[in-house]
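Numbers here simply count residues along the sequence, with the first being 1. In each ligand, atom 1 is the first atom listed, and ligand 1 is the first ligand listed. These numbers were taken from a predicted model, which means no experiment stands behind them.
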Amino acid sequence: MKPGMINRTIEFIKTLYKDEEFVPLHAPRFWGHEKKYTADCIDSTFVSSVGKFVDEFEKKCAAYCGAKYAVAAVNGTAALHMALVLKGIGVGDGVITQPLSFVATANAIHYTGAQPVFVDVDRDTMSLSPDKLEQFLKTEVVLQQGVACHKLSGLKLRACIVMHTLGHPGRVVELRKICDLWGLVLIEDAAESMGSFLSGRHVGTFGTMGVLSFNGNKIITTGGGGMLLFNDEALARQAKHLTTTAKIPHPWEYAHDAVGYNYRMPNLNAALGLAQLEQLDKFLVSKRVVAETYKQFFVKEDVEFVCEPIDAASNYWLNAIILKDRGERDAFLEATNKAKVMTRPLWKLLNTLNPYQRSFKTNLDNAQWLEDRVVNIPSSVAR
Ligand SMILES: *Cc1c(COP(=O)(O)O)cnc(C)c1O
């Protein structure tokens, strides 16, 4: 890196986010009707598992994303778990995913009793690589009566979860084709990518199911929350049923026809979400401006800035730069965090975490390359 690059970056970020003594990675902004809608919700007394805000939030999210149906959940992790439950995935099954993700992706697989199988990402999208997936399937998997069997472990590979890393759309069109050929259900972990589009279509709508998160650090928040996106009505109806304890409607009986889950988003959170959703387009404009400003700054510094893939409109949830090696990365992390400018590396690869060290995996060189070099920099909507 050029001499003084880190200090100039710190100064630059402090001018971007002027009034913040400590500059966080991603702070929520409550500049709309958040107080009004949550107060209305409290006044109605329906703050919990029933109420009009949840239904309205589901409808508006579905419309925004161009999905036929949306089912709200208590958080993104629960929504991912539910997506796998809906397809009956469990013990003896394998679910392909990328090693470069937040731990929730692998945990959701583990909750079902299935095992994650890690396949490498592409360097440019940082998301699951269709080429690596195809290579893995052709060499290590056989189709037996329409089921993809992993030769080494005997696992039945039933699904594939792609994660749209940092909000940038992954190569879902190619992934969908491969998954269809091999009988794999494609699930999109779009937790980070509300407001991101590929060829004009919102991410999370290319696979059989998509999952959004509204955790406090995401582009819009409900405090905690998640959403399942569907185009299939039967799946959506079953999702609603299973996330609400699988209760059969009845005036007074507690009758449940399956092992259900208490995964429903409370009405109070949905009220907050409605106010946030109203501002999403404004947030997206601001985030593009911030990304463009960073891009111009880092060009002059000879530092690679992560841009949206071709044909994609990314929400630029977290801006990122790619440094030369792990040493540069650590020096950058050290100095910026000391100067009260919050920066973070990517996640440690999931296959290196204690619970997933024995999981099956392909060569993961691209994921490792990215882990060693990528740093996330402050990305809140600018004031
Ligand atoms: C945030 C996130 C989730 C789920 O988050 P919740 O906090 O449970 O809402 C899942 N996957 C990825 C990649 C995420 O970034």
A.B. asks: List by chain and number: which residues place a heavy atom under 4.0 Å from ligand 1?
C.D. replies: N75, G76, T77, S101, F102, A104, T105, M163, D189, A191, E192, S213, N215, K218, G225
A.B. asks: Could you check whether N315 and R288, counting side-chain N and O atoms only, form a donor-acceptor pair closer than 3.5 Å?
C.D. replies: no
A.B. asks: Could you tell me how the ring of H202 sits relative to the ring of F197: parallel (under 30°), tilted (30 to 60°) or perpendicular (over 60°)?
C.D. replies: perpendicular
A.B. asks: As a quick check of understanding, evaluate side chain to side chain contact (heavy atoms under 4.5 Å, CB included) for V381 and W31, giving each step before the final call.
C.D. replies: CA-CA 11 Å; V381 168; W31 296 339; 3.9 Å; yes
A.B. asks: For F46, what residues pass the ring-ring contact (aromatic ring centres under 6.0 Å, His included) criterion, not counting sequence neighbours?
C.D. replies: none
A.B. asks: Mind checking salt bridge (charged side-chain N to carboxylate O under 4.0 Å, His left out) for E134 and listing every partner two or more places apart, or none if nothing turns up?
C.D. replies: K138
A.B. asks: Is there any ring-ring contact (aromatic ring centres under 6.0 Å, His included) pair reaching into residues 71-90, and which pairs are they, with sequence neighbours excluded?
C.D. replies: H81-Y111, H81-Y261, H81-Y263
